[in-house]
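I have placed the structure first, in the form of structure tokens, so that the comments after it can refer back to it.
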Amino acid sequence: MKNIKKSWITYGILTILVIWGVLAYNKMVKLDKEADAKWDIVNADYQRRLDLIPNLVNTVKGYADFEKETLTAVVEARAKATSVNVSADNLNPEMLQQFQQAQTGFNSALSRLLVTIEKYPELKANQNFLELQAQLEGAENRISNSRRRFIEATKEYNIYISKLPAVIFAGMFGFDEKPSFTAEKGAEKAPEVKF
């Protein structure tokens with residue numbers, strides 16, 4: 001009789017552990033896929049901004065005496081930024097850092113372009129330029145929002161796989177911590193952009 005009771009208790013404990021493991025695994029999969037989907041949106045928003053640049057460059061090129069060096073820097077920075085392709089499958093701290101460095105280089109070149117445009121009042125009044133400027137502003141807002149959502153999804157995933165009992169199952173099933181964006185040095189100061 002005692003052996004039967006012990007068997008039922010053991011069976012009950014094993015059943016609870018299996019159910020617990022299945023539930024933890026399913027939640028890890030859900031949070032992992034949500035973070036990956038948020039990353040895909042971040043990528044799409046950055047790509048949208050990069051896609052606006054050829055139109056901006058062509059609009060600015062129409063002004064013959066515009067600084068070609070500045071345009072070249074923007075085109076090269078765009079090329080470098082598009083060459084760093086980070087999908088959710090290869091998202092790791094090193095790739096994310098490369099991605100951020102490429103975007104920082106692009107941001108810097110774009111900022112120089114926008115500052116240089118100050119010298120050309122007729123360009124600033126050009127309808128195409130004004131529309132592109134509005135689209136760039138919208139793209140920056142989308143990037144900011146999608147990055148924030150990615151950071152939140154990554155944080156939720158990383159916290160979940162770090163807590164008991166999920167941490168046990170995370171290790172067993174290969175769920176690793178995901179990297180997230182970190183503020184760059186000097187990011188606490190807002191850049192001054194004048195149009």
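Since this is a predicted model, take the numbers as computed values, not measurements.
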Query raised in the report: So how far is it from E140 CD to N145 CG, rounded to the nearest 0.5 Å?
Result: 11.5 Å

Query raised in the report: What's the verdict on side-chain contact (heavy atoms from CB on, under 4.5 Å) for Y11 and L14, showing C-alpha distance, side-chain angles and the deciding distance?
Result: CA-CA 5 Å; Y11 177 73; L14 287 174; 5.8 Å; no

Report task. Look only at the side chain of T116 and the backbone of R112, and say whether a donor-acceptor pair between them is shorter than 3.5 Å. Result -> yes

Query - Heavy-atom pair with the smallest gap, counting every atom of A109 and A73 - result: CB-O, 3.7 Å

Query raised in the report: Can M172 be reached from L23 by stepping across I, L, V, M, F, W or Y side chains whose heavy atoms are under 4.5 Å apart?
Result: no

Query raised in the report: Do you know the tightest heavy-atom contact between T70 and L113?
Result: CG2-CA, 3.5 Å

Query raised in the report: Nearest 0.5 Å, what's the CG-CD distance between N92 and Q97?
Result: 10.5 Å

Report task. Can you tell me which residue pairs pass the salt bridge (Lys or Arg N to Asp or Glu O under 4.0 Å) test with a partner in residues 152-177, sequence neighbours excluded? Result -> R148-E152

**Report entry** Residue pairs passing the salt bridge (Lys or Arg N to Asp or Glu O under 4.0 Å) test where at least one lies in residues 36-47, sequence neighbours excluded
**Finding:** D36-K178

Query raised in the report: Cluster question for you: counting only ILVMFWY and a side-chain heavy-atom cut-off of under 4.5 Å, with indirect links fine, are M28 and V22 together?
Result: no

Query raised in the report: Any idea which heavy atoms bring L50 and Q103 closest together, and the distance?
Result: CD1-NE2, 4.3 Å

Query raised in the report: Does T154 use its side chain to pair, donor to acceptor, with the backbone of I151 at less than 3.5 Å?
Result: no

Report task. Check S180 against L96 and note the closest heavy-atom contact, atom names and distance. Result -> O-CD2, 3.1 Å

Requested in this report: Measure across F169 and A24 and return the closest heavy-atom pair with its distance rounded to 0.1 Å.
Outcome: CD1-CB, 3.9 Å

Requested in this report: Any chance you could measure S83, atom OG, to Q98, atom CD, to the nearest 0.5 Å?
Outcome: 9.0 Å

Report task. Determine, using the 4.5 Å side-chain heavy-atom cutoff (strictly less than), whether V84 and I143 are members of one ILVMFWY cluster. Result -> yes

Query raised in the report: Should the ring pair Y25 and F175 be called parallel, tilted or perpendicular, given that the plane angle runs from 0 to 90° and is split at 30 and 60?
Result: perpendicular

Report task. Using only heavy-atom distances, determine whether the side chains of R49 and N107 contain a donor-acceptor pair under 3.5 Å. Result -> yes

Query - Joint hydrophobic cluster, I159 plus V167, side-chain heavy atoms closer than 4.5 Å - result: no

Query - Residues that Y157 engages under side chain to side chain donor-acceptor pair (under 3.5 Å), provided they are two or more places apart - result: none

Query raised in the report: With sequence neighbours excluded, what pairs up with E131 under the salt bridge (charged side-chain N to carboxylate O under 4.0 Å, His left out) test?
Result: none

Report task. Write down the atom of V86, the atom of N43, and the distance for their closest heavy-atom approach. Result -> O-ND2, 2.5 Å

Query raised in the report: Is it true that F99 and Y46 have ring centroids separated by less than 6.0 Å?
Result: yes

Requested in this report: Report the distance from atom CG of N90 to atom CG of N85, rounding to the nearest 0.5 Å.
Outcome: 7.0 Å

Requested in this report: Enumerate the residue pairs fulfilling salt bridge (Lys or Arg N to Asp or Glu O under 4.0 Å) with a member in residues 72-88, sequence neighbours excluded, ordered by first and then second residue.
Outcome: D51-R78

Report summary line: Residues at least two apart in sequence or cross-chain that pass side chain to side chain donor-acceptor pair (under 3.5 Å) with S144, listed by chain then number, are none

Query raised in the report: Are L31 and L91 co-members of a hydrophobic cluster defined by side-chain heavy atoms under 4.5 Å apart?
Result: no

Report summary line: Paired with L56, the side-chain contact (heavy atoms from CB on, under 4.5 Å) test is passed by just one of N128, L136, V74, namely L136

